[in-house]
Amino acid sequence: RRFQQMPLIIPTVFRSFLFCIYVALFKILEHTAIGLFHGEGLTAGFYEIIGKDSNQILATALVTFCAFLPFFGIKELGLVMGPGKLSKLFFRKRFSYQGMHKI
């Protein structure tokens, strides 16, 4: 609700960044669980992620962030337009405004 009066780019970028952090946390949790499963201990997941090149970690985070941008952008646009309007635009036949001919 704190983003209601702001431009749509603000909540879109914020939510994309937040979910990018969630993905990173679950990636650490995943590697930790795999390490436990293979008998390597709790820290195996951390060492595997820390062992990667910083450019590789940054590139993965950037790709994840950019993948979330259209998802949250369309979601925010749907919230602004109102319930059902965005799905009507995507899944119903369109008409032109001049003469109401089907496009």
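Atoms considered below: every heavy atom in the structure, side chains included; atoms not considered: hydrogens, waters and symmetry mates. Note that the numbering runs from 1 along the sequence shown for the chain.
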- Message: Can you tell me how far apart NZ (Lys85) and CG (Leu89) are? Round to the nearest 0.5 Å.
- Response: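 Separation between the atoms: 9.5 Å.
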- Message: Nearest 0.5 angstrom please: Met81 CE to Lys88 NZ, how far?
- Response: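 Between Met81 CE and Lys88 NZ, I get 10.0 Å after rounding to 0.5 Å.
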Does [X] belong to the same Ile/Leu/Val/Met/Phe/Trp/Tyr cluster as [Y], with side-chain heavy atoms less than 4.5 Å apart forming each link?
{"X": "Leu18", "Y": "Leu58", "answer": "no"}
{"X": "Phe68", "Y": "Leu8", "answer": "no"}
{"X": "Phe19", "Y": "Phe71", "answer": "yes"}
{"X": "Val23", "Y": "Leu62", "answer": "no"}
{"X": "Met6", "Y": "Ile9", "answer": "yes"}

- Verdict with reasoning, Leu29 to Leu25, per side chain to side chain contact (heavy atoms under 4.5 Å, CB included): CA-CA 6 Å; Leu29 185 64; Leu25 291 175; over 6 Å; no
Looking at every non-hydrogen atom in both residues, tell me the closest pair between [X] and [Y] and how far apart they are.
{"X": "Gly84", "Y": "Ser87", "answer": "O-OG, 3.0 Å"}
{"X": "Ala61", "Y": "Cys20", "answer": "O-SG, 3.4 Å"}
{"X": "Leu77", "Y": "Leu86", "answer": "CD2-CD1, 4.4 Å"}
{"X": "Pro70", "Y": "Cys66", "answer": "CD-O, 3.2 Å"}

- Task: Would you check, one step at a time, whether the test side chain to side chain contact (heavy atoms under 4.5 Å, CB included) holds for Glu76 with Arg15?
- Result: CA-CA 10 Å; Glu76 289 296 320; Arg15 288 193 173 99; 2.2 Å; yes
- Task: Decide side chain to side chain contact (heavy atoms under 4.5 Å, CB included) for Thr60 and Lys27; before the verdict, give the C-alpha distance in whole Å, the side-chain angles of both, and the deciding distance to 0.1 Å.
- Result: CA-CA 11 Å; Thr60 303; Lys27 190 76 166 172; over 6 Å; no
- Aromatic plane relationship, Phe17 with Phe65 - under 30° parallel, 30 to 60° tilted, over 60° perpendicular: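 Taking Phe17 first and then Phe65, their aromatic rings stand perpendicular (interplane angle over 60°).
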